[in-house]
Amino acid sequence: MAKNVTPRSEDYSRWYTDIILQGKLADYSPVKGAMVIRPNGYAIWELIQQNLDRMFKETGHVNAYFPLLIPESFMHKEAEHVEGFSPECAVVTIGGGQVLEEKLYIRPTSETIIWSMYKKWIMSYRDLPLLYNQWANVIRWEMRTRLFLRTSEFLWQEGHTAHATPEETEAEALKMLQVYKTFAEEYLAIPVIAGRKSDSEKFAGAVHTYSIEAMMQDRKALQAGTSHNLGQNFAKAFDVKFQDQDGQQKYVYATSWGVSTRLIGALIMAHSDDNGLVLPPRMAQRPIVIVPIWRNDPEKESVISFADSIYRELKTGWNVIFDDRDQYKPGYKFAEWELQGIPLRLEIGPKDVEKNQVVMVRRDLMEKQFISRDGIFEIVKNSLEQMQIEMLEKARQFRETNSRNFDRYDELKDFLAAEGGFAHVHWCGNPACETKFKDDSNATIRTIPFDAVSEDGACIVCGKESGRRVIVARAY
RNA sequence: CGGGGCGUAGCGCAGCCCGGUUAGCGCACCUGCCUUGGGAGCAGGGGGUCGGAGGUUCAAAUCCUCUCGCCCCGACCA
């Protein structure tokens, strides 16, 4: 039906790109690895920003902005940090026609510039905690890029907090991960698994890294948000101390946490189908489109009049599209709005005017149903709410269907090589065993889930003791 | 950086091997008519440094040399 979208079954990767281009979410830019986010895509980002920003403020955070350019020397202050990021940094060497005395890094993340400032601002325990967030762009030079999932420049938010105690710091890192989980599930309608990263997948310079992991429709895992307990690593690197209540000078504890435009990629891959984008209602700035249908002028007049009264009523609750363009036939309009993921379509023709009804189609179900014009506001409201809930549930069922326990290594290997999905396996904690997954199956330990049941078992690689299962999967 | 492919209208392509009037097709776009409950039809129309530079030739999209760029698969990264 959708003639410009490659079916998922034929080429999943191509399908993903088609959804984005046909849905007018983004386009390729003249610069390799960068992308242009078009209004349809940016509208999603705005909803991500609005809702997360509100949730950040509700948890006591404030916004600030730190500069794009970072002195080279800052990057070198934290050993692991520079090791982790240097290869993928873009560096400015010339400014104002002069070769710069000190090179300036375009931020790949802002820990260093922020901690250089925290040093100035933090004197005593009374200055803590410092709960800052910034919305910004960053650049990480990537070899292979994909729209939204991995681009050289991307938009994100980065929270950077400073605390007096390790306990408070750990609580903050976990709290923000929970904020991400709530957001992913209640707004993006993507079920996620919260947990801790293994050391090899940990952020450069962190003590612990936590993440939320989602399953895409090709059964691969996608890291949708991260939160780090940075301990005192950056405080020591930038010499940020505070005088505690007991009069002692102590290093400050830190967290950082972020989500990016990658969430839009997750949203696409979690829900969309072969007809185009599917947006959960809460992620649609324009959740409803009305398509009037007529055959001649008298019909047009009565249909438009009828449809317009509905439009004006619904407009009090939502941003509604009234598509009365005359140059396209209804079928074309249906296809076009489906590509763009509009959650609810109302078709109104002469027969509907006669019967005082409307044809309603939910984007996720694609089934036409007749609804009464009277009480339409409530019906639409309920349908959108229902759709939001059912999309989350559908995604959750998909994930559960494609998650299994494995206790034999050869079976795990077959699973990862064939259909794939989330494999729950025992792991002893040894990085060498972890490497074996990657070498054999190109799969990694995605997360050590918080909610994994305590269970005695043997490491699926080496057979040593293990107290709980971890999730192994191929990932983006 | 290695392997492969490709640059011709906004997009997708043909033409190139074997040089020859005015460079063509589909989609999209504009005008009109006609249509409208799942991507209509007809007629007319606009739009081109043939990636760039140099060379061979009476004549180059086509042959030669150099060069730039993009895509895919690896390496790398997550």
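Quick note on labels: first sequence line is chain A, next is B, and so on, each numbered from 1. Since this is a predicted model, take the numbers as computed values, not measurements.
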*Which listed nucleotide (B:G38, B:G39, B:C77) is nearest to the side chain of A:Glu336?*
B:G39
*Output, in order, the C-alpha distance, side-chain angles, deciding distance and verdict of salt bridge (Lys or Arg N to Asp or Glu O under 4.0 Å) for A:Arg404 and A:Glu419.*
CA-CA 12 Å; A:Arg404 286 171 55 193; A:Glu419 68 267 35; 3.7 Å; yes
*Applying ring pair (Phe, Tyr, Trp, His ring centres under 6.0 Å), run through A:Trp318 and A:Tyr311 and close with a yes or a no.*
CA-CA 10 Å; A:Trp318 302 274; A:Tyr311 169 65; over 10 Å; no
*Determine the Euclidean distance between corresponding P atoms of B:U62 and B:G54; express it in Å to zero decimal places.*
14 Å
*Inter-nucleotide C1' distance (B:G47, B:G24), Å rounded*: 14 Å
_From A:Gln22 atom CD to A:Thr6 atom OG1, the distance as rounded to the nearest 0.5 Å_ = 9.0 Å
*Looking for any heavy atom pair under 4.0 Å, which part of the strands does A:Val359 touch: base, sugar-phosphate only, or nothing?*
base
*Separation of the C1' atoms in B:A28 and B:A9, to the nearest angstrom*: 11 Å
Identify the pairs formed between an N or O of the protein and an N or O of nucleotides 28-31 of chain B at a distance under 3.5 Å, and give each distance.
unit_1: B:C29; atom_1: OP1; unit_2: A:Tyr328; atom_2: OH; d: 3.0

*Under 4.0 angstrom, heavy atoms only, what part of the nucleic acid is A:Lys300 near: base, sugar-phosphate, or nothing?*
nothing
*Which value, in whole Å, describes the distance between the C1' atoms of nucleotides B:G41 and B:U36?*
12 Å
_From the set B:G39, B:G37, B:C77, return the single nucleotide nearest to any side-chain atom of A:Ala335._
B:G39
*Taking 4.0 angstrom as the limit, do A:Arg362 and A:Glu367 come out as a salt bridge?*
no
*Given side chains that start at C-beta, do those of A:Tyr180 and A:Thr226 come closer than 4.5 Å, heavy atoms only?*
no
*asked:* If I pick the C1' atom on B:C13 and the same atom on B:G48, what distance separates them, to the nearest angstrom?
replied: 15 Å
*asked:* Students often get this wrong, so: under 4.0 angstrom with heavy atoms, is A:Tyr28 touching a base, only sugar-phosphate, or nothing?
replied: nothing
